[in-house]
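Remarks on the structure that follows.
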2 protein chains.
Amino acid sequence: MVNNENTEIKIIEAAKEVFVHKGFEGARMQEIADTAGINKALLHYYFRSKSKLFDKVFHSVFADLVAKLYKTVGISNTIEEFIESFVSLYFEELKSKPYIPQFVLHEINRDPSVIVNLIKSSGLDKQKIIALIHKESQREDIKQFDPVQVMVTVISMTIFPFVASGILVGFIFDGDQASFDNFIDERKQHILEFVNAAIFKK
Amino acid sequence: MVNNENTEIKIIEAAKEVFVHKGFEGARMQEIADTAGINKALLHYYFRSKSKLFDKVFHSVFADLVAKLYKTVGISNTIEEFIESFVSLYFEELKSKPYIPQFVLHEINRDPSVIVNLIKSSGLDKQKIIALIHKESQREDIKQFDPVQVMVTVISMTIFPFVASGILVGFIFDGDQASFDNFIDERKQHILEFVNAAIFKK
DNA sequence: AAATGGTTTAACCAAATAGTTAAAATAAAT
DNA sequence: ATTTATTTTAACTATTTGGTTAAACCATTT
């Protein structure tokens, strides 16, 4: 008895921490055990193999992202609302967890087959998003851009700076982390203004 | 005698192939040797360790990107020219080497210290870019956006779809690679139109 | 043809690492 | 108190993998 549920959570959290920063190949079971404050044997007692543990972690991270995306759609009736809440949500998330997108993208790249099942089991109703985007793209006051292109643009503008933080800090901000943080603070507002300037007529 | 120069090129090419797809941790010296059509001993004979080989490969990939970026700046006198040639250049590059950005970003993330030296030795004169961007941001016909934000936006819009191709194919294009390819074909034009719509007054 | 120096091979070594086992310890439930 | 499930310890195995060694090979030079 003693713990069990608590321990499982502790392990998942520790595994998330290590996998997210080091990736599947770079992560060590010993380091996960140390981070969780337990030993390796117990780690294998709970999750039989590294792969199984990784799958749990990746699924939880991914499901989390999708759940939040879904929440965003639910409350949006216009394209402005959608963009505003999407960008706000992701900035809030990524400021405290900036390593998540790089992790997800790298692991999907490593084994693209996992994503198929993940999307199936994600329960995300894409139709709702498509319907909203399509409806809004018909508006008189909005330029006739391809809605998919615009959607990818909003996602790119939001997520890329986090994925590329290393290169941006080194290349553009001369290694000055504070300048980069300041850039990120202003980024959200910039995205909203920039996208509005692009898609609205007049 | 015999070969040597040819063999070295063969190894670098093979190493690039494997490192780019698997990352440093995921790459295996044996696989690099196999890909190069030689054996592991010869691999170590040419490049003493995995790290040394990786450094060579990474440096060459990175230097290549920087060189092309530099070329872009050289021929640009206006912001329109800069954006046009930047986007064109990267689309041309990335269509045949779509894995490069994910690779670079992942490795910089894994060991951010490498980028400092790389940038030093890259010979990129950032001042030229800054001068151009700053000069152009003063133009009467252009909205007063923060030029750094705009620059990051152009980079994000261009590169992110390649970094996130796996998730975009799975999530947005339902696993249909052809739809994604089509999306990429239209992406360049979209970026140019979208950015122009955003930054020009009236 | 003999010497030279780069090239190739196969067998090998050492370290790291995922995973196992079995026994002891601990704490809660009965 | 006994049982039961969880946790710890520590030693161990098997495999992978980066790296080494030494001998053989081959092309060119002398």
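Computed from heavy atoms alone, side chains included, the values below leave out hydrogens, waters and symmetry copies. Chain letters run A, B, ... following the sequence lines, proteins first, then strands; residues in each count from 1.
Listed by first then second residue, pairs satisfying salt bridge (charged side-chain N to carboxylate O under 4.0 Å, His left out) with a partner in residues 31-44 of chain A read A/Lys22-A/Glu31, not counting sequence neighbours. Residues in residues 60-82 of chain B take part in these salt bridge (charged side-chain N to carboxylate O under 4.0 Å, His left out) pairs, two or more places apart or across chains: B/Asp64-B/Lys68, B/Asp64-B/Lys97, B/Lys68-B/Glu93, B/Glu80-B/Arg139. Every pair tested for side-chain hydrogen bond (donor to acceptor under 3.5 Å, both in side chains) that includes a residue from residues 156-165 of chain A fails, sequence neighbours excluded, so the list is empty. Every pair passing salt bridge (charged side-chain N to carboxylate O under 4.0 Å, His left out) that includes a residue from residues 156-176 of chain B is listed here, sequence neighbours excluded: A/Lys126-B/Asp174. Listed by first and then second residue, the salt bridge (charged side-chain N to carboxylate O under 4.0 Å, His left out) pairs involving residues 177-189 of chain A are A/Lys95-A/Asp185 (not counting sequence neighbours).
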Quiz item: With the sugar-phosphate defined as primed atoms, P, OP1 and OP2, and the base as all remaining atoms, what B/S/- string results for nucleotides 8-20 of chain D, 5' to 3', for protein heavy atoms under 4.0 Å?
Solution: BBB------SBBB
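Atom NZ of A/Lys52 is separated from atom P of C/dA18 by 16 Å (rounded to the nearest Å). Rounded to a whole Å, the CD1 atom of B/Ile11 is 11 Å from the C1' atom of C/dT7. Residue A/Lys22 contributes atom NZ, which lies 17 Å from atom C1' of C/dA18 at whole-angstrom precision.
Every residue two or more places apart in sequence or in another chain was checked for a side-chain hydrogen bond (donor to acceptor under 3.5 Å, both in side chains) with A/Thr35, and none qualifies. With sequence neighbours excluded, the residues that form a ring-ring contact (aromatic ring centres under 6.0 Å, His included) with A/Tyr99 are A/His21.
Between A/Thr7 and the phosphate of D/dT7, there is a side-chain N or O to OP1/OP2 separation shorter than 4.0 Å.
Computed from C1' positions of five pairs at each end, the angle between the two local axes of the helix from C/dA1-D/dT30 to C/dT30-D/dA1 equals 10°, rounded to 10 degrees.
Using a distance-only test at 3.5 Å, with no hydrogens or angles considered, a donor-acceptor pair links the side chain of B/Gln144 to the main chain of B/Ser137.
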